[in-house]
Each structure stands twice: as structure tokens, then as C-alpha cells.
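Below is one structure, written out as C-alpha cells; the observations come after it.
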Amino acid sequence: MSSYLSIEQVGVSFDTERGPYVALRDVNLKVARGEYISIIGHSGCGKSTLLNLVAGLLRTTTGAILLEDREVSEPGPERAVVFQNHSLLPWLSVYDNVKLAVDKVHGKTRSRAERRDWVLHNLALVGMSHAIERKPGEISGGMKQRVGIARALSMEPKVLLLDEPFGALDALTRAQLQDKVMEIQTRLGNTVIMITHDVDEAVLLSDRIVMMTNGPAATIGEILTVDLPRPRNRLTLADNPTYVKARAAVMEFLYARHAINKVEAA
Amino acid sequence: MTVQTEQMPKSLAGLPGRLLSLDRAAVLRWLRRRLAAIVPPLVMLVLLLGLWELLCRGGHAPLPPPSQVIHDTWDLISDPFFDNGGTDKGLFWQIAASLTRVAQGFLISAVVGISLGVLIGQSSLAFRGLDPIFQVLRTVPPLAWLPLSLAAFQAATPSAIFVIAITSVWPIILNTAVGIRNIPQDYRNVARVLRLSGPEFFFKIMLPASVPFMFTGLRIGIGLSWLAIVAAEMLIGGVGIGFFIWDAWNSSLISEIIVALIAVGIVGYILDRLIGALGDLVAGNVKS
Ligand SMILES: Nc1ncnc2c1ncn2[C@@H]1O[C@H](COP(=O)(O)OP(=O)(O)O)[C@@H](O)[C@H]1O
Ligand SMILES: [Mg+2]
């Protein structure tokens with residue numbers, strides 16, 4: 001069966017001092033175009049590893065990853081990544097950070113003025129128009145994460161990869177950014193894979209939640225479809241039965257069936 | 001003392017604007033800060049000179065007191081630009097000759113040091129191969145290289161330049177390498193996702209990320225160069241502040257030695273500040 005993005009029988013093992021460490025085994029997932037997927041699992045289970053495989057930053061040991069039926073073999077702007085700790089270049093202004101990406105990705109196809117407008121457009125999209133001349137060191141964590149998202153969006157990726165994008169933020173900023181990302185995704189129809197360890201975040205944002213078992217040799221334990229209409233509103237969802245059920249199912253998976261202490265005790 | 005002098009350029013830069021606006025309170029504040037910076041070292045200097053004068057007065061001490069030094073060397077101090085041919089030249093020409101050698105040697109070591117630093121910073125194979133060798137070689141004292149380089153080059157000036165280069169290259173290599181190795185993996189990943197080419201990666205990410213480290217190395221390097229040139233010139237002769245000192249010693253002109261030492265100290269200090277300021281300037285464009 002062919003699909004937009006497909007992860008087929010993927011396994012990864014790392015060479016370590018204590019011999020090979022099998023991080024992932026037999027991971028299979030098909031993602032449709034425009035779908036919003038969350039990957040949830042306990043810390044260290046291999047979520048980032050899986051995301052880096054899709055990004056092409058890591059190579060699979062076994063199996064393959066196909067995007068539009070072509071094998072992913074190296075990183076590229078059509079699979080843009082928003083890294084966990086924003087990874088903006090501290091010596092460039094907010095504007096120049098996005099411009100670096102825009103010039104590189106659209107340098108051959110767009111004029112200078114078009115590229116300038118495109119940088120500004122993407123910064124406006126994440127609500128950062130007011131601080132384009134600031135350096136990353138001069139803005140808050142939430143703002144840095146916004147710029148990271150603007151930089152990724154500006155590449156017009158086929159798949160947007162988010163590695164715990166809101167993990168380091170306070171609850172209020174986090175909620176604001178989640179709404180922003182939802183709004184942008186609804187508007188642009190991006191295909192998104194997002195790592196999270198926050199159950200509410202996963203349920204609120206995703207079309208499907210991929211739940212991973214604990215490592216070593218982690219794999220996908222269960223996939224939950226979240227059947228909630230969009231646009232979604234966090235206030236009215238709080239006592240929506242579908243929302244509550246989905247939330248309970250993910251909690252049950254994480255804290256009853258795959259509780260982390262079982263692994264640590266072993 | 002370091003802190004005070006670092007403030008100086010900034011305060012000076014702000015002064016004209018403030019004077020124009022005739023902001024008297026600001027001018028007074030500025031003056032007070034300047035005085036607070038200048039007065040303590042000046043007082044210490046006077047005290048030390050007084051102590052020296054007291055200790056060496058009366059002709060029994062082996063070293064001349066400051067008043068004697070100034071008296072003996074007034075010709076030297078008052079006219080740094082005389083040139084009587086041979087090595088009999090004013091302090092300006094002596095220091096200029098030394099600085100020329102340092103500039104040549106330091107330029108070589110900066111280019112070689114940064115290149116090798118980038119190499120061992122980027123390639124862990126090169127690091128494993130070269131780092132132990134560098135660690136051993138960098139402990140060799142500057143002058144120990146001189147006989148070998150004289151044998152190799154068969155001439156004084158290239159040998160002196162080689163000694164400068166080999167002395168100052170190690171901190172440049174090692175600091176550059178540390179800077180490169182410290183580039184966060186995230187920045188590299190950004191570059192890979194964007195498919196930056198080699199040169200793009202070098203200029204847009206590697207250089208700005210490691211430039212503060214490079215300048216730390218360059219600053220240590222220029223200090224070592226200046227240490228080494230004075231010692232090397234004592235041995236190779238010719239025009240230069242090192243041989244000037246040696247020559248003065250051979251002629252028992254102790255006062256001239258003292259004046260030359262002060263000149264060496266001041267020039268070394270200026271070199272250090274110069275590279276430091278350049279580093280701050282570049283890093284200022286690079287960091288926050
Ligand atoms: N380069 C590597 N070499 C060795 N082990 C690694 C490497 N990268 C990740 N791992 C191991 O693989 C496991 C999964 O890591 P990761 O994907 O970062 O987890 P998560 O993102 O879910 O917290 C961890 O046990 C980690 O120690
Ligand atoms: Mg992770």
C-alpha cells in the first residue's frame with residue numbers, strides 16, 4: 001500500500017561501548033497527507049530517534065522510510081525540523097535566522113524582494129513581527145520557539161517535524177503556542193509529526209496519537225485516532241466525552257500498561 | 001586594572017555626544033569615573049618609584065634609582081627616532097624591527113593555527129592523530145627551537161620568525177579546535193536540514209560559532225610571540241629590542257636596560273589589548 005509518508009519495518013541500533021544498543025525495532029507507520037500525528041512515550045524510549053530518522057539526520061539500521069514513494073536517505077528542507085531547544089543561531093537576528101533558511105531553500109526560485117516578503121510573512125504567521133531585529137538572546141523561550149517554527153514553515157516542508165516543541169515552556173505560553181500551531185496547521189494543511197510527553201497536548205492537537213513502548217527495542221504499542229472536529233477549542237473540549245476518553249486511553253497506556261518504573265526496576 | 005582600561009574606549013566614545021548636549025551632570029559623572037580609574041594606579045606608581053628611589057639612592061646599590069635612569073637615558077627617551085646606522089638606532093626603530101618579525105611570525109601562526117585547529121576540530125581522526133603530538137610539542141620552550149631553526153634556515157631573520165610562529169601556534173590550534181568541537185550538534189543539524197554546502201557551513205556557522213575561541217587563542221599567541229621575540233633577538237643580534245637589551249648589558253648600561261624593559265612591557269600590553277579589542281569587536285557582531 002502506498003501512502004504519503006510511510007515508515008516500514010524500521011529498526012535502529014547504536015554502537016555503544018557496551019556493544020550494540022537496539023533503540024527501535026519493527027516500527028511501522030503510515031501517515032496521510034495533511035495529517036497531524038503525535039508520538040508519545042516515556043523519556044528515552046526512542047521518540048527523537050524516530051523523528052531524526054524521518055528527518056534523515058539518522059540512518060535506519062533495518063527497514064526504510066518513504067516520502068511520496070521515495071526513500072529518505074539524507075536530511076533536507078522538505079522535512080523541516082523544529083528542534084527541542086529552538087537551535088536558532090545566536091549571532092543572527094530573528095529576521096536573519098529565517099532569512100538563512102529562505103535564501104537557501106528559495107534562493108533560486110524567488111527574487112530578493114519576494115524572499116524578504118516571505119521571511120516577514122512567516123514571522124507574522126507566528127506573531128513575531130514586532131521583534132525581527134532582536135537577537136535570540138534577547139527574546140523569551142516562547143518567542144524563540146516561534147521563530148524556530150517560522151523558520152521551519154518558511155521552507156514549505158512536505159512534512160513538519162516537531163521534537164517536543166513546547167517542552168521547555170511555561171503552561172500559559174505553551175497553551176498560546178499550541179493554539180497558534182493548530183491555527184497554522186488548519187490554515188496551511190501541513191503534514192505534521194510532533195513528539196510530546198504531554199497527554200493533553202497530544203489529544204488536543206492530533207489526528208492520531210502514536211504511543212510507543214519503552215526501550216530498549218521500543219516500538220509502536222498502540223495508535224489512537226482522535227475523532228474530534230476542527231477547529232478545536234481547549235475550553236469546550238475539557239468535558240467533551242470523546243476528548244476525555246482519548247485522554248484516559250493514553251494515560252492508561254503510559255501509566256498503567258507501560259509504566260516507566262517497570263523498566264527501571266528491571 | 002584590566003577592568004578600568006576596558007571601560008576606557010566606551011567612555012571616550014560616548015564623550016563627544018554628551019559634551020554636545022551640554023549635559024553637565026553626565027560630564028561630571030564621566031570625569032569622576034575616569035579619575036577613579038586613573039588615580040589609584042598613578043598613586044601606586046608614584047609610591048613604587050619613591051620606594052625604588054629610596055632603596056637605590058646613594059651609589060651603593062647595584063641598580064640605579066629612577067632619577068639616575070632618566071638622567072642617563074634622556075637622549076634615548078627624548079629622541080626615539082635617531083638612526084646612526086648599524087644597530088645604533090632609537091627605541092622606535094628597535095621596537096619596529098621586533099614588531100615586524102612578530103607580525104610576520106604571528107601571521108603565519110594565525111593562518112596555520114586556525115587551519116590546523118579547524119582540521120582537528122572537525123575530524124576526530126585528525127584529532128586522535130595530531131593532538132598527542134601537539135600536546136608534546138607545545139611544551140617545548142621557544143628558545144629550544146632556535147638552534148634547530150638556525151640549522152634549518154641558515155639565517156637569523158627567518159629563524160626568529162619561525163620561533164615566533166612555532167611558539168604562538170599551539171594556543172591558536174588548540175583554542176580553535178575547542179571552539180569547533182563545541183559547536184552544538186543542533187547547529188550542525190540545522191545546516192544539514194538546509195543542505196548548506198561546505199563553504200556555506202564554514203562561513204555561516206562554523207566561523208561565527210567558534211570566533212570567540214579563536215580570538216582567545218590569538219590573544220594568548222600574540223603574548224607568547226612577544227615573549228619569544230625578545231629572547232630570540234638576544235641570541236640572533238641585529239636591530240631589535242631584544243638585542244638592544246643584550247647589547248646594553250654587555251656595555252653595562254643598566255639604565256638603558258630598564259628603559260627598554262618598560263618599552264617592552266608597554267608594547268606587549270598594547271598588543272594584548274589590540275587583539276582583545278579586535279576579538280570583542282568580532283565577537284560583538286557574532287554574539288547576542
Ligand atoms: N547516538 C546514540 N548512541 C547511543 N545511544 C543512543 C544514541 N542516541 C540515542 N540513544 C539511546 O537511544 C534511546 C532513545 O533515545 P531518544 O530517541 O533520544 O529518546 P527520547 O527522545 O524518546 O527521549 C536512549 O536510550 C538513548 O540513550
Ligand atoms: Mg527526545
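Below, chains carry the letters A, B, ... as their sequence lines are ordered, and counting in each starts from 1. Quick caveat: nothing in here was measured; it's all calculated off a predicted structure.
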Item to check | 4.5 Å side-chain heavy-atom contact, A:K104 and B:L196 | outcome: yes

Checklist entry - Do A:L89 and B:I205 touch side chain to side chain, with heavy atoms closer than 4.5 Å? => result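 Side-chain contact under 4.5 Å: yes.
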
Checklist entry - Taking A:S87, A:A152, A:G76 one by one, which has the highest count of heavy-atom pairs under 4.5 Å against chain B? => result A:G76

Item to check | Residue A:R174 excluded, over 12 heavy atoms near CZ under 6.0 Å | outcome: yes

Next on the checklist: For B:F202, is the CZ atom crowded, meaning more than 12 foreign heavy atoms sit under 6.0 Å from it?
Outcome noted: yes

Part of [X] within contact of chain B (heavy atom distance under 4.5 Å):
X: A:R79; value: both
X: A:A101; value: both
X: A:E78; value: side chain

Measure the [atom1]-[atom2] distance between [X] and [Y] for me, rounded to the nearest 0.5 Å.
X: A:M155; Y: B:R195; atom1: CE; atom2: CZ; value: 11.5 Å
X: B:D186; Y: A:N85; atom1: CG; atom2: CG; value: 4.5 Å
X: B:K204; Y: A:D96; atom1: NZ; atom2: CG; value: 10.0 Å
X: A:W91; Y: B:Y187; atom1: CH2; atom2: OH; value: 5.5 Å

Next on the checklist: As a quick check of understanding, evaluate side-chain contact (heavy atoms from CB on, under 4.5 Å) for A:L100 and B:L194, giving each step before the final call.
Outcome noted: CA-CA 9 Å; A:L100 177 71; B:L194 287 176; 4.2 Å; yes

